[in-house]
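Report on the structure given below.
Ligands are counted one by one from 1 in listed order, and the atoms in each one are counted from 1 as well. The basis for the numbers below is simple: all heavy atoms, side chains too, and nothing from hydrogens, waters or symmetry mates.
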Amino acid sequence: AKEGGRNALAYYDAAMADAVEGRTALEAELRLAFERREFEVHYQPIVEALSGRIVGAEALVRWRHPQRGLVAPDVFIPLCESTGLIRRLGALVFSSAAHQQVAWAQAGHVLRIAVNLSARQLRGAELLSDLAAALRASGADPRQLQLEITESMLLGQDNELLALFQSLQDLHLGLALDDFGTGYSNLAYLQRFPIDTLKIDKTFIQGLQNNRALAELIVSMARLMRLRVVAEGVETQEQLAWVRAQGIEFCQGYLFARPLPVADFGALLAAR
Ligand code: C2E
Ligand code: CA
Ligand code: CA
Ligand code: CA
């Protein structure tokens with residue numbers, strides 16, 4: 001038993017070393033990915049619930065790794081945050097979205113494009129200058145661009161954050177609260193921030209069959225805030241029927257389209 005224990009420990013150490021090595025390797029590859037231009041921004045349509053008309057899109061980043069294939073953001077965003085690479089990635093995604101907004105507008109499709117921010121980006125002084133630089137370079141109308149943040153990013157950082165949001169407003173950028181309903185902040189608290197859109201988290205839409213009352217509570221909270229509301233993660237006709245019955249104006253989900261590469265999104269726009 002003693003022998004086995006030692007082996008188990010040795011194995012554990014090896015696994016730990018592998019994990020650390022794997023992480024370091026991934027980090028090195030992540031740095032290279034910028035030079036090799038391996039990041040792609042995909043766009044998922046945001047539609048009017050009643051008409052199905054595409055009115056906007058959410059920009060979602062992917063990493064096209066030469067061996068691993070298309071890597072999901074859940075895998076590399078945390079690593080970007082812990083290494084500080086998130087500033088560079090965030091700037092890249094926002095700049096792509098701004099240029100894409102202009103390209104689609106010139107093709108006759110004026111869409112509002114939302115870009116995710118991570119907590120770490122809110123703390124860097126560079127955010128505002130990165131955003132302003134991308135707006136200038138693209139010539140995009142900032143009113144057609146929106147930043148998505150989550151409730152946890154708002155908690156406990158009042159004054160600094162309010163000043164930052166004031167500056168975002170001065171730039172005329174929109175602000176959406178993502179994953180609404182999953183945080184713990186109360187409405188009075190949320191009301192202090194210049195948010196124009198609430199995105200109801202997909203867990204409520206997907207949990208409708210089991211807990212309709214909870215989903216409807218979240219909707220009534222959203223209604224109290226008197227903001228634009230987007231239902232996320234709409235996958236079925238039943239869910240869409242509920243969204244419409246609730247009077248939710250916009251939705252996003254696989255029922256309409258998955259996040260698409262630019263060319264596919266363009267084809268979808270042209271087909272409508
Ligand atoms: P999120 O901001 O909540 O984005 C929505 C996620 O839900 C996306 O996953 C999207 O593909 C997925 N989704 C959309 N419709 C449906 C549906 O009908 N059913 C289901 N089950 N899922 C749906 P994705 O693209 O893997 O992104 C995951 C998360 O990674 C995002 O969650 C966001 O937090 C983060 N992320 C993505 N792109 C960026 C970025 O450019 N910057 C930052 N900071 N974070 C990003
Ligand atoms: Ca989002
Ligand atoms: Ca979300
Ligand atoms: Ca999220």
Side-chain angles (χ1 to χ4, degrees), residues 30 33-34 38-47 49 54 56-64 69-100 112-124 126-127 130-131 134 145-153 174-183 195-208 218 222 228-240 242-243 248 250-262 264-265:
L30 201 54
F34 285 96
E38 288 168 359
F39 295 108
E40 281 178 24
V41 183
H42 287 196
Y43 294 88
Q44 185 177 31
I46 295 175
V47 308
I54 300 173
E58 178 174 1
L60 294 156
V61 68
R62 273 94 182 88
W63 178 8
R64 193 169 293 278
L70 211 59
V71 184
D74 292 330
V75 176
F76 63 91
I77 296 271
L79 196 55
C80 281
E81 286 177 340
S82 63
T83 53
L85 288 167
I86 193 69
R87 178 197 172 181
R88 217 169 147 191
L89 186 72
L92 184 155
V93 174
F94 184 81
S95 165
S96 302
H99 281 91
Q100 199 56 59
R112 194 160 192 228
I113 302 188
V115 177
N116 293 283
L117 282 188
S118 84
R120 177 100 187 242
Q121 286 175 276
L122 291 184
R123 278 189 269 128
E126 314 89 2
L127 179 65
D130 287 349
L131 296 173
L145 291 162
Q146 195 178 43
L147 301 170
E148 293 193 2
I149 54 164
T150 57
E151 273 168 82
S152 62
M153 290 160 67
L175 199 62
L177 189 66
D178 202 2
D179 306 346
F180 180 66
T182 60
I195 298 160
D196 58 74
T197 303
L198 291 178
K199 300 188 77 172
I200 297 183
D201 191 70
K202 57 176 174 278
T203 55
F204 300 108
I205 312 299
Q206 271 148 36
L208 267 178
I218 298 299
R228 287 160 44 98
V229 178
V230 180
E232 286 194 297
V234 176
E235 293 183 357
T236 67
Q237 286 295 343
E238 290 72 27
Q239 290 164 353
L240 176 61
W242 176 85
V243 165
I248 297 172
F250 304 102
C251 53
Q252 176 180 354
Y254 296 167
L255 179 63
F256 303 97
R258 300 210 164 223
L260 300 169
V262 168
D264 295 350
F265 196 107

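Ring geometry for F76 versus F39: interplanar angle of 30 to 60°, hence tilted. Ring orientation note: the planes of F265 and Y43 are nearly perpendicular, at an angle over 60° on the 30°/60° scale.
Under 4.0 angstrom from ligand 1, the non-hydrogen atoms of D179 all belong to its side chain. If you look at E58 next to ligand 1, the close heavy atoms, those under 4.0 Å, all belong to the side chain. With a 4.0 Å cut-off on non-hydrogen atoms, V93 touches ligand 1 through its side chain and not its backbone. Counting heavy atoms under 4.0 Å from ligand 1, residue N116 touches it through both backbone and side chain.
Between P73 and P78, the closest heavy-atom pair is O-CD, 3.7 Å. Between I195 and L177, the closest heavy-atom pair is CG2-N, 3.8 Å. The two residues A98 and A134 make their nearest non-hydrogen contact at CB-O, 4.3 Å. Across all non-hydrogen atoms, the minimal contact from L70 to E40 is CD1-OE1, 4.5 Å. The two residues A49 and L240 make their nearest non-hydrogen contact at O-CD1, 4.0 Å.
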### Query
Does the pair V61 and I77 meet the rule for a side chain to side chain contact (heavy atoms under 4.5 Å, CB included), with working shown?
CA-CA 9 Å; V61 68; I77 296 271; 4.0 Å; yes

### Task
Apply the test side chain to side chain contact (heavy atoms under 4.5 Å, CB included) to residues E148 and D179: give CA-CA distance (whole Å), side-chain angles for both, the deciding distance (0.1 Å), then the verdict.
CA-CA 9 Å; E148 293 193 2; D179 306 346; over 6 Å; no

### Query
Are H42 and Q44 close enough, and set up right, to give a side-chain hydrogen bond (donor to acceptor under 3.5 Å, both in side chains), and what steps lead you there?
CA-CA 7 Å; H42 287 196; Q44 185 177 31; over 6 Å; no

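At a threshold of 3.0 Å, the Ca ion (ligand 3) has no backbone or side-chain N, O or S atom of E148 nearer than that distance. Here E232 does not reach the Ca ion (ligand 2): none of its N/O/S atoms is less than 3.0 Å from the metal. For the Ca ion (ligand 2), the N/O/S atoms of D178 include one lying under 3.0 Å.
Ligand 1 lies out of reach of A72, whose nearest heavy atom is not under 4.0 Å from it. Put simply, part of K202 is less than 4.0 Å from ligand 1, judged by heavy atoms. At least one heavy atom of R62 sits less than 4.0 Å from an atom of ligand 1. Close to ligand 1: Q206, with a non-hydrogen atom less than 4.0 angstrom away.
Listed by number with element, the atoms of ligand 1 under 4.0 angstrom from any heavy atom of P259 are 11 (O). For ligand 1, the atoms sitting less than 4.0 Å from at least one non-hydrogen atom of G253 are 15 (N), 18 (O), numbered in the order shown with element in parentheses. For ligand 1, the atoms lying closer than 4.0 Å to a non-hydrogen atom of V234 are 18 (O). Close approach to L117 involves these atoms of ligand 1, each under 4.0 Å from a residue heavy atom: 44 (N). Near P73, meaning under 4.0 Å from one of its heavy atoms, ligand 1 places the atoms 24 (P), 25 (O), 26 (O), 27 (O), 28 (C), 30 (O), 36 (N), 37 (C). Each of the atoms 1 (P), 2 (O), 3 (O) of ligand 1 lies under 4.0 Å from some heavy atom of D178.
E58 has its closest N, O or S atom to the Ca ion (ligand 2) at the position named OE2. Atom OD1 is the N/O/S atom of D179 found closest to the Ca ion (ligand 3).
The closest heavy-atom contact to atom 21 (N) of ligand 1, among the options E235, R258, K199, comes from E235. In the candidate list E81, Q44, R120, Q44 is nearest to atom 14 (C) of ligand 1, counting heavy atoms.
Ligand 1 has no nitrogen or oxygen under 3.5 angstrom from a nitrogen or oxygen of Q252. For ligand 1, one of its N or O atoms has an N or O atom of V61 under 3.5 Å away.
With respect to R120 and E81, no salt bridge is recorded, no charged nitrogen being found less than 4.0 Å from a carboxylate O.
A side chain to side chain contact (heavy atoms under 4.5 Å, CB included) with I218 is found for one member of L198, I200, V229 and no other, namely I200.
Looking at L30 and W63, their side chains come closer than 4.5 Å, going by heavy atoms from C-beta outward. Proximity of V230 to F180: side-chain heavy atoms (C-beta onward) are nowhere separated by under 4.5 Å.
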